[in-house]
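Scroll down for the structure; my scribbles are underneath it.
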Amino acid sequence: MKKSHKLPPWLSGSLIVGAFGALLWLERRRPLRHSSIEPKLTRDARNLAVAALGAAALQIAERPVVELLTQLVERRKWGLLKRVRLPLWLEVTLAVALLDYTLYLWHVLTHRAPCLWRFHVAHHADLEMDTSTALRFHFGELALSVPWRAAQVAVIGVSPLALSVWQTLVLLSIMFHHSNVRLPVETETWLNRFVVTPRMHGIHHSNVTEESNSNWSSGLTVWDWLHGTLRLNVPQDEVVIGVPTYREPEEVGLVKVLEMPFVEQRQVWQLPNESVPVRAAVLVAADHLLP
Ligand SMILES: [Zn+2]
């Protein structure tokens, strides 16, 4: 395969649809967190509606810009990886790793910059977390990420092939670590040395601020490890998914989620009674994943 070619859409498409179906099946058979705040079908339908608008934003705002840039990178040898002649496999591997690292940085920014957080909160306000949450990103967040994505491609030197490989892998990874699938804790601990797993990302979706400000990686775990932002020691049964200010299903309906960035922002990390969720110290003594 040449660098100027993309992965065949049928291949990415069937991997993604197959993984989505397999995860939904596993979530029914072996759920990780048990919660029944809302009927699953209602949540799934809402998340897929948010996802459809997000997909439209990517088609309209991201695809034309970013795909054109990858072609220019290939033709004019732009970016870090084009300064050296690398074998195809190595160039694609490095591009995927650097895209993954710079996505980590983007994710930190979406939490730290108030103008981005008001969009990213629509993702975190889901009262439960499963494979459908993986696709629930506000179309505004996706549109705002276009300049970042363009810079990633131009600076790293991402070919059309590398971009399509990364897009497929990151989507598979995001679906996997948002899924509500209970893996044996030993298996997950082993996997977690390399990639982000459901328990690890569950901690990122916790309503405790310090826990949400950890585990920002989307693919490889190493970025959180290097930055000292890896947190594994919270028992999954103790995690309350979501942000403290939105606790009622009526507050996170489809229209409310879509208008979230455009209305007056609440004190997100405060519960409705104005207290702030904290974790009892006794629960956080370990430094590894807990059942
Ligand atoms: Zn986040």
Side-chain angles (χ1 to χ4, degrees), residues 32-33 43 46-47 50-51 53-54 57-58 99-146 148-149 152 169-180 192 195-234 236 239-247 252 256-258 260-261 265-270 276-277 279:
L32 173 60
R33 293 165 295 265
R43 276 190 52 258
R46 177 192 307 130
N47 289 350
V50 177
L53 289 169
L58 288 177
L99 283 165
D100 193 45
Y101 177 55
T102 43
L103 185 64
Y104 167 94
L105 297 178
W106 170 255
H107 190 188
V108 175
L109 262 183
T110 61
H111 280 250
R112 297 275 192 235
C115 59
L116 296 175
W117 170 249
R118 57 198 302 147
F119 289 91
H120 190 57
V121 75
H123 173 70
H124 276 268
D126 203 351
L127 297 172
E128 292 169 49
M129 189 176 94
D130 57 23
T131 312
S132 73
T133 314
L135 309 175
R136 170 197 164 121
F137 285 93
H138 196 283
F139 63 86
E141 177 177 346
L142 297 172
L144 286 167
S145 72
V146 175
W148 186 269
R149 191 81 68 248
Q152 285 177 293
L169 288 177
V170 84
L171 195 49
L172 291 173
S173 172
I174 288 175
M175 290 194 308
F176 169 63
H177 65 237
H178 282 89
S179 75
N180 190 29
N192 189 245
V195 294
V196 181
T197 57
R199 286 178 176 90
M200 174 182 167
H201 200 69
I203 296 169
H204 176 68
H205 275 254
S206 156
N207 76 343
V208 177
T209 325
E210 304 82 60
E211 292 168 8
S212 182
N213 285 334
S214 67
N215 300 354
W216 274 301
S217 298
S218 294
L220 300 170
T221 312
V222 67
W223 316 125
D224 272 307
W225 182 74
L226 284 174
H227 283 273
T229 52
L230 183 63
R231 185 183 290 254
L232 304 174
N233 58 3
V234 187
Q236 215 58 209
V239 173
V240 176
I241 298 286
V243 288
T245 193
Y246 298 109
R247 293 317 316 156
V252 291
K256 300 266 185 201
V257 170
L258 294 175
M260 227 169 244
Q265 298 296 291
R266 298 187 186 183
Q267 291 290 334
V268 168
W269 299 103
Q270 272 184 8
V276 174
R279 178 81 53 214

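Atoms considered below: every heavy atom in the structure, side chains included; atoms not considered: hydrogens, waters and symmetry mates. Start at 1 and go down the list; that is how both ligands and their atoms are numbered. Just so we're clear, the structure is a prediction, and the values are computed from it rather than from any experiment.
Vertex the Zn ion (ligand 1); arms to H107 atom NE2 and H124 atom NE2; angle 170° (nearest 10°).
Between the Zn ion (ligand 1) and H205 there is no N/O/S contact shorter than 2.8 Å. None of the N, O or S atoms belonging to H123 lies under 2.8 Å away from the Zn ion (ligand 1).
In H111, the N, O or S atom that comes nearest to the Zn ion (ligand 1) is NE2.
H107 has its ring centre less than 6.0 Å from the ring centre of H204. Aromatic ring centres of H124 and H205 lie closer together than 6.0 Å.
Between W223 and Y101, the ring-plane angle classifies as tilted under the 30° and 60° cut-offs. Taking the six-membered ring where tryptophan is involved, the planes of W269 and W117 are essentially parallel, since the angle between them stays under 30° and well short of 60°.
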